[in-house]
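Notes follow once the structure below has been shown.
Letters A, B, ... mirror the listed sequences (proteins, then strands); counts begin at 1.
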Protein chains: 2
Amino acid sequence: MFQINLRGGRGAIYQQLKDEVIRLTGMGVLGPDDQLPSVRSLARELGINPNTVAKAYSQLEQDGITYSVAGRGSFIRGDIVQLREVHRKTLAEFKETVSRAKSLGLTQEELTEAVDEVFSSAGAPPALEEGNGEKSDREKGEDN
Amino acid sequence: MFQINLRGGRGAIYQQLKDEVIRLTGMGVLGPDDQLPSVRSLARELGINPNTVAKAYSQLEQDGITYSVAGRGSFIRGDIVQLREVHRKTLAEFKETVSRAKSLGLTQEELTEAVDEVFSSAGAPPALEEGNGEKSDREKGEDN
DNA sequence: CTAAGTGTACTAGAAAGCTTAATACACTTA
DNA sequence: TAAGTGTATTAAGCTTTCTAGTACACTTAG
């Protein structure tokens, strides 16, 4: 279900896990109230420690992406609007990187072209609807 | 001479030092054979450990930005062409960041606009000449 | 030569972040 | 009741970064 580059990928494992969940949510693969793999099962599947998965799930909940219920599991939140906050943070980090690249002498054209290249190489084309009334009947209501 | 955001800035101190030297070199503030502050004097001035400065200088030499001579000091290399390698690495890291941002749902337009914003906010305007024969014998060390 | 300053090298420790490990608890569900 | 769930705790190991102290070979000014 998750494609993770354990060790060797970019950054910490728990961060990659968070990114993957957010990515699948943004792509629509994971929808409101969809259940994530359990902490223990995912840890077993990926060959990592349950604490690492728990850390990712904990931060995902803190970031408003998911909600967790002891005894039941972790689920995608109904109001995907929270992804806006993720976008905001990511964009802020991105600007830091741009600023550093600028200081090191990279030109605006070089960076813009790099952005074009990455987006031309095909990867995650679809998008998310802005005003959606489709909430389906998956609402269980034990949110909060 | 160097403006460093000790602790609190983006990343490790030695990395900030490297970036600063590369930045000043790209801006032309530091030219071929200009001498950098000594490991000990810069460490004292910044209130950090000499080893941290030495680490930065060591990597700058390894990256082809400077050359060091025991007993004399560290100097900017004459062939600034080496900055091309820095640009290459920086651009590669930048693409990684773009790729991650893309996965998290950021659009090409959002990233391009962010690049525009950073470059519009004024910071490092001038550029470096490509084919220069001017090596001059500028400032031989009245610095520090 | 001497003394001061230079880059360089080495060992050691502290601190922070990430991961693993082993339990334990309260909860939900079949 | 039993199994599975999220959550919490404590401990250890690992890596990176920074600090600290010491030492060595070199260059330069006297």
Side-chain angles (χ1 to χ4, degrees), chain A residues 1 4-21 33-77 93 140-144, chain B residues 1-2 4-21 33-77 140-144:
Chain A
M1 179 168 194
I4 303 296
N5 272 26
L6 279 339
R7 306 166 183 80
R10 161 216 16 60
I13 297 178
Y14 81 94
Q15 186 63 52
Q16 293 183 49
L17 257 176
K18 286 180 61 180
D19 286 357
E20 187 68 1
V21 170
D33 298 315
D34 275 351
Q35 185 168 8
L36 296 176
S38 78
V39 166
R40 293 173 180 78
S41 68
L42 183 55
R44 198 181 331 114
E45 181 182 346
L46 297 179
I48 62 179
N49 194 282
N51 290 339
T52 302
V53 177
K55 184 174 185 178
Y57 281 14
S58 171
Q59 292 194 11
L60 279 169
E61 181 176 23
Q62 189 176 355
D63 290 352
I65 306 297
T66 64
Y67 63 91
S68 299
V69 185
R72 294 203 45 223
S74 293
F75 310 84
I76 301 294
R77 279 186 67 104
E93 292 174 11
K140 297 289 173 54
E142 60 282 89
D143 194 348
N144 80 352
Chain B
M1 179 168 193
F2 294 97
I4 302 296
N5 271 26
L6 277 340
R7 306 166 184 82
R10 165 216 15 64
I13 297 178
Y14 80 93
Q15 185 63 53
Q16 293 182 49
L17 259 177
K18 285 180 60 182
D19 286 358
E20 187 69 0
V21 171
D33 296 316
D34 274 352
Q35 184 169 9
L36 295 177
S38 78
V39 165
R40 293 173 179 80
S41 68
L42 183 54
R44 198 181 331 114
E45 180 183 346
L46 297 178
I48 62 180
N49 194 284
N51 291 338
T52 303
V53 178
K55 183 175 185 178
Y57 281 15
S58 170
Q59 292 193 11
L60 280 170
E61 182 176 23
Q62 189 176 356
D63 289 352
I65 306 297
T66 64
Y67 63 91
S68 300
V69 184
R72 295 201 44 222
S74 292
F75 310 83
I76 301 294
R77 280 185 67 104
K140 278 302 170 56
E142 80 297 340
D143 193 358
N144 66 358

Worksheet item: Is any side-chain N or O of Thr52(B) closer than 4.0 Å to OP1 or OP2 of dT19(D)?
Response: yes
Discussion item. One character per nucleotide, please: for nucleotides 24-30 of chain C, 5' to 3', B when the base has a protein heavy atom closer than 4.0 Å, S when only the sugar-phosphate does, - otherwise.
Written reply: B--BSS-
Discussion item. For dT6(C) and Ser38(B) - does any side-chain N or O of the residue sit under 4.0 Å from the phosphate oxygens OP1/OP2?
Written reply: yes
Worksheet entry | Heavy-atom closest contact (Lys18(A) atom, Asp63(A) atom, distance) | NZ-OD2, 3.2 Å
Worksheet item: Say you draw a straight line from OG1 of Thr66(A) to CD of Gln59(A); how long is it, rounded to the nearest 0.5 Å?
Response: 11.0 Å
Worksheet item: Where each pair must be Watson-Crick or G-U wobble with both distances under 3.5 Å, what dot-bracket representation of DNA chain C is obtained, with crossing pairs in [ ] and other-strand partners as |?
Response: ||||||||||||||||||||||||||||||
Practice prompt. Return the nearest nucleotide to the side chain of Lys55(A); candidates are dG6(D), dT17(D), dC18(C).
Written response: dC18(C)
Fill in: With Tyr14(A) via ring-ring contact (aromatic ring centres under 6.0 Å, His included) - residues at least two apart
none
Worksheet item: Arg72(A) and Gln35(A): which non-hydrogen atoms are nearest, and at how many Å?
Response: O-NE2, 3.1 Å
Worksheet entry | Least distance between heavy atoms, Ser68(B) atom then Ser74(B) atom | OG-OG, 2.8 Å
Worksheet entry | Gap between atom CG of Leu46(B) and atom CD1 of Ile13(B) - 0.5 Å precision | 8.5 Å
Worksheet entry | Rounded distance (Å) that lies between atom C1' of dG7(C) and atom CD of Gln35(B) | 11 Å
Worksheet item: Can you check the Leu17(A) CG to dT19(C) P distance for me, whole Å?
Response: 9 Å
Practice prompt. Starting at atom CG of Leu42(A), determine the distance to atom P of dT5(D), rounded to an integer number of angstrom.
Written response: 11 Å
Item to complete: Please state how far atom CG in Leu36(A) lies from atom P in dG6(D), giving the value in whole angstrom units.
Response: 9 Å
Item to complete: Carefully, step by step, assess Leu42(B) and Leu17(B) under the rule side-chain contact (heavy atoms from CB on, under 4.5 Å).
Response: CA-CA 10 Å; Leu42(B) 183 54; Leu17(B) 259 177; 3.9 Å; yes
Discussion item. Quick check for you: among dT7(D), dG7(C), dC18(D), whose closest atom lies nearest to any side-chain atom of Ala12(B)?
Written reply: dC18(D)
Worksheet entry | Separation of dT8(C) C1' from Gln59(B) CD (nearest whole Å) | 15 Å
Worksheet entry | Test side-chain contact (heavy atoms from CB on, under 4.5 Å) applied to Asp33(A) and Tyr67(A), step by step | CA-CA 9 Å; Asp33(A) 298 315; Tyr67(A) 63 91; 2.5 Å; yes
Worksheet entry | Lys18(A) NZ - dT19(C) P separation (whole Å) | 12 Å
Discussion item. I want to confirm an ordering. Mapping Ser74(B) and Pro50(A) to their closest nucleotides on DNA chain C, which one lands closer to the 5' end?
Written reply: Ser74(B)
Worksheet entry | Where Asn51(A) and Asn49(A) come nearest, the two heavy atoms and their spacing | N-OD1, 2.8 Å
Worksheet item: So which nucleotide from dT20(C), dG7(C), dA9(C) ends up closest to the side chain of Tyr57(B)?
Response: dG7(C)
Worksheet item: Rounded to the Å, how far apart are Ile13(B) CD1 and dA15(C) P?
Response: 16 Å
Worksheet entry | Minimum-distance nucleotide to Asn51(B) side chain [options: dT5(D), dG21(D), dT7(D)] | dG21(D)
Worksheet item: Of the nucleotides dG6(D), dT8(C), dG21(D), which one has an atom closest to the side chain of Val39(A)?
Response: dG6(D)
Fill in: Side chain of Asn49(B) (C-beta onward), nearest among dA20(D), dT20(C), dT7(D)
dA20(D)
Worksheet, complete the sentence: In whole angstroms, the gap separating C1' of dG21(D) from CZ of Arg44(B) amounts to 17 Å
Discussion item. If the cut-off is 4.0 Å, is Tyr14(B) near the phosphate of dC18(D), judged by side-chain N/O to OP1 or OP2?
Written reply: no
Discussion item. Classify Gln15(A) by what it touches in the nucleic acid, base, sugar-phosphate, or nothing, heavy-atom distance under 4.0 Å.
Written reply: nothing
Worksheet entry | Ser38(B) vs Tyr57(B) side-chain heavy atoms within contact, under 4.5 Å | no
